[in-house]
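Remember, it's 1-based here, ligands and their atoms both numbered in the order they're listed. The chain is numbered in sequence order, starting from 1.
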Amino acid sequence: MIQVRAFYVFLGVAGLLVAVFAYTIFSTRRARDIDYHSAYPLRRKLLYVVLAVLVIGLAMTLGRTPYPRDNDIPEQVVFVVGKQYSFGISASPITNDDEYLAATYSTPVQVQAGSLVEFRVTSFDVNHGFSVYNPEGQLVGQTQAMPGYVNRLRLRLTEPGRYRVLCLELCGSGHHRMRGVFDVK
Ligand SMILES: [Cu+2]
């Protein structure tokens, strides 16, 4: 599973960071003179490496953004409200707490597979991260749910199944269990 792989990558990077810090601590225990000018060429080399990583990363990922590039009119609009600690997702606008509760506990909204959907995302309390995961548990799109603002996220979801919405913005003590759900048919 990709999450497990991501966890091992995280462990590897964290271990590397610990090693760098440990090396720095043990290599600077005794005071000694340092020639600062010798660091400048090294710094320039480091800058080129960072630039190369950035350019390669952009080239590899930019073309694969899931967001539609053209100015198509959305075929379906889905209304989303984040509130501690759940997402209300509905085919009709959610304007108050009663409608939010109804949207939270009703049967999941159905989205037509392959159609362009516009999620209109807002929040009734604090900032939340509206993040859409496909049936395999891969992140396919995300935007912020912000109080006082409506953020529009347009997605074309081709794979049918149950999609989950998780919160990717630390929003309080119940953040880890903040969920939402909708179906693509
Ligand atoms: Cu959260």
A.B. asks: Just give me the atom name: the N, O or S atom of Glu169 closest to the Cu ion (ligand 1).
C.D. replies: O
A.B. asks: When you compare the side chains of Glu75 and Ser115, does any donor N or O come within less than 3.5 Å of an acceptor on the partner?
C.D. replies: no
A.B. asks: Heavy-atom distance under 4.5 Å between the side chains of Gln142 and Leu153, does that happen here?
C.D. replies: no
A.B. asks: Is it the case that the side chains of Gln76 and Glu118 hold a donor-acceptor pair, with the cut-off being a distance below 3.5 Å and no angle test?
C.D. replies: no
A.B. asks: Taking atom CG of Asp35 as the centre, does the number of heavy atoms from other residues, nucleotides or ligands within less than 6.0 Å exceed 12?
C.D. replies: yes
A.B. asks: Name of the His175 N, O or S atom nearest the Cu ion (ligand 1)?
C.D. replies: ND1
A.B. asks: So does His176 have any N/O/S atom less than 2.8 Å away from the Cu ion (ligand 1)?
C.D. replies: no
